[in-house]
2 protein chains.
Amino acid sequence: MRQIPRATVARLARYLQGVEELAKRTVSSAEIASAVGVSAAQVRRDLSYLGHQGIRGVGYETEHLLTALRRELGLVENVGVAIVGAGNLGQALAGYGGFEERGFSVTAIYDIDAAKIGTSIHGHPVRHVDSLPADSEAFAIAIIATPAEAAGEVLHRLSACGVRSVLNFAPAVLKGPPNVEVRNVDLSTELQILSFYRSRNGS
Amino acid sequence: MRQIPRATVARLARYLQGVEELAKRTVSSAEIASAVGVSAAQVRRDLSYLGHQGIRGVGYETEHLLTALRRELGLVENVGVAIVGAGNLGQALAGYGGFEERGFSVTAIYDIDAAKIGTSIHGHPVRHVDSLPADSEAFAIAIIATPAEAAGEVLHRLSACGVRSVLNFAPAVLKGPPNVEVRNVDLSTELQILSFYRSRNGS
DNA sequence: CTCTGTGAAACACTTCACAGCG
DNA sequence: CGCTGTGAAGTGTTTCACAGAG
């Protein structure tokens, strides 16, 4: 029963946030379900992958559940995040406070523009992309926020210096080697998907 | 055979971009597949939802296929997009050139900060959130880039003035009424998912 | 008596493999 | 002969429904 379904992993992160917000001493699957917008059966099934965490007739003890979720998601220690690309999007991400609150630290921003290197953006140092290998111990996850043309090359470099988890915002579909998990978040693609549903959700 | 699976819709948008980039006169399912990183059988199955578009023994006639994809995705006309929230992220989105290229136009940015209203960001006017209903004819899709606290309220307003498609970047899981399609893109959630896989992808 | 945990059924999506068109 | 389009099989995910713990 090990091997958690991918679909479940994506929801565990939501549950973590949902349960944190509920801020009760115990929570039931139904409460979590309505907080994150899925079915109660789904919540129970998902949480069952973490082993027996609940108390029958009562629900889940909040602190215990949060610990289990954080452990499963690898969030026990603070996680370092590198941002590659100091353009508009990279800067916005660097200034986004939400990361720190959730246990992630932006360790540095990488670019190739000599004018930017050595400066600091929202308190984070800007370094040359060439120093990624030297810095690679500092972070576990990288965010690609470069133009599409550069994205493939950046992924290659990241993968070469041992990064296993990449979040790609460049408008290109990246696919790393099998041991590298890449999540592509393309804004245009998202809008196109929405556009599809707009036409059918009857006016 | 109508009713295209959600998973397929998400890929159609990728195919559109992949085929555009290939820029050939005809493309085979195998070519599309390798451009976007899925299996050839998957591409053929997905495209078959659009009806018979290919030519056996040859592949798909590029122009014809692009037209069919754009029609299916509701991208025949230019699509208006409103951005709500003129903070860091909202500004970055406003400056992101990729939208215009793909048939989307940012019509305006909405905020409640009096100091920002009336100014313009990357050429897009900043208006008060209260003017959303009056402007609602201008856009079909809205992007929420506000703090988490405001997001629910904003969704409510958008839905009240007839918006059916919403892309939410605020760190909150929004769920609109059934006739409103909401896509939640939460950066922290994405990082948490990556964090999960980091621990398992054998070092 | 409530709410979890889970077999079993249902459903959704993907892959296989090949008939048959051009 | 190459490549599409698709039944059929396979796999993954969700829902149902209920036994049983607290």
Side-chain angles (χ1 to χ4, degrees), chain A residues 1-15 18-19 22 24-66 68-69 72 175 178 181 193 196-197, chain B residues 1-15 18-19 22 24-66 68-69 72 175 178 193 196-197 200:
Chain A
M1 192 247 266
R2 282 288 73 184
Q3 180 68 310
I4 303 183
R6 294 180 79 86
T8 293
V9 174
R11 280 187 302 265
L12 291 180
R14 308 267 193 200
Y15 297 162
V19 173
L22 283 171
K24 302 184 62 198
R25 240 177 55 71
T26 65
V27 285
S28 67
S29 57
E31 288 172 312
I32 301 174
S34 86
V36 309
V38 302
S39 77
Q42 181 86 80
V43 172
R44 293 200 300 279
R45 171 75 66 191
D46 287 341
L47 293 182
S48 79
Y49 288 108
L50 310 186
H52 294 212
Q53 303 292 340
I55 307 161
R56 288 166 190 245
V58 179
Y60 300 85
E61 203 265 294
T62 303
E63 278 314 315
H64 180 73
L65 181 57
L66 289 176
L69 284 169
E72 200 64 38
K175 220 176 83 120
E181 175 80 11
I193 295 168
F196 173 90
Y197 286 109
Chain B
M1 192 248 267
R2 281 287 75 185
Q3 180 69 310
I4 303 183
R6 294 179 81 85
T8 292
V9 174
R11 280 188 302 267
L12 291 180
R14 308 267 193 201
Y15 298 161
V19 173
L22 283 171
K24 303 184 62 197
R25 240 177 55 73
T26 65
V27 285
S28 67
S29 59
E31 288 171 311
I32 301 173
S34 85
V36 309
V38 302
S39 75
Q42 180 84 80
V43 172
R44 291 200 300 279
R45 172 75 65 189
D46 286 341
L47 293 182
S48 78
Y49 287 108
L50 310 185
H52 294 213
Q53 302 293 340
I55 307 161
R56 289 169 191 243
V58 179
Y60 300 86
E61 203 265 293
T62 303
E63 278 314 315
H64 180 74
L65 181 57
L66 289 176
L69 284 169
E72 200 63 40
K175 221 176 82 118
I193 295 169
F196 173 89
Y197 286 109
R200 9 232 97 190

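It should be emphasised that the depicted structure is a prediction, and the values quoted were computed from it without experimental measurement. Just so we're on the same page: letters track the sequence lines, and every chain starts at 1.
The side chain of B:Tyr60 places an N or O atom within less than 4.0 Å of a non-bridging phosphate oxygen (OP1 or OP2) of D:dG5. Remark: B:Arg11 is not in phosphate contact with C:dC13, judged by side-chain N or O atoms under 4.0 Å from OP1 or OP2. Between B:Gln42 and C:dC13 there is no side-chain N or O to OP1 or OP2 distance below 4.0 Å.
Distance B:Ile32 CD1 to D:dC3 P: 13 Å, rounded to the nearest Å. The CG atom of A:Leu47 sits 16 Å away from the P atom of C:dC3 (whole-angstrom rounding). The CD1 atom of A:Ile4 sits 12 Å away from the P atom of D:dT13 (whole-angstrom rounding). Across the protein-nucleic acid pair, A:Asp46 atom CG and D:dT13 atom P stand 11 Å apart, rounded to whole Å. We find that CG of A:Leu12 is positioned 14 Å from C1' of D:dT13, with the value rounded to whole Å. One atom, CD of A:Glu61, and another, P of C:dC3, lie 17 Å apart when rounded to the nearest Å.
Across all strands, A:Ser29 comes closer than 4.0 Å only to sugar-phosphate atoms, never to a base (heavy-atom distances). Within the nucleic acid shown, A:Arg6 comes within 4.0 Å of sugar-phosphate atoms alone, with no base atom in reach, counting heavy atoms only.
Heavy-atom distances to DNA chain D give each of B:Arg56 and A:Arg44 a nearest nucleotide, and the one nearer the 5′ end belongs to B:Arg56. The nearest heavy atom of DNA chain C to B:Ile55 and to A:Gly57 marks one nucleotide each, and the one closer to the 5' end goes with A:Gly57. Take the nearest nucleotide of DNA chain D for A:Val58 and for A:Ser39: the residue whose nucleotide is more 5' is A:Ser39.
Stacking of A:Arg6 on the aromatic ring of B:Tyr197 is recorded, both the 6.0 Å distance cut-off and the 45° axial limit being met.
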Go through the steps to decide whether B:Leu12 and B:Leu50 satisfy the test side chain to side chain contact (heavy atoms under 4.5 Å, CB included), and finish with yes or no. CA-CA 10 Å; B:Leu12 291 180; B:Leu50 310 185; 4.2 Å; yes
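Distances were taken from every side-chain heavy atom of A:His52 (C-beta onward) to each of C:dT6, D:dT15, C:dT4; the shortest belongs to C:dT6.
At a cut-off of 3.5 angstrom, the base of C:dT15 holds at least one donor-acceptor pair with the side chain of B:Arg45.
Across all non-hydrogen atoms, the minimal contact from A:Ile193 to B:Ala13 is CG1-CB, 4.5 Å.
In this structure, B:Thr62 contributes its side chain and B:Lys24 its backbone to a donor-acceptor pair below 3.5 Å. Judged purely by atom type and a 3.5 angstrom limit, B:Glu72 has no side-chain atom pairing as donor or acceptor with the backbone of B:Leu69.
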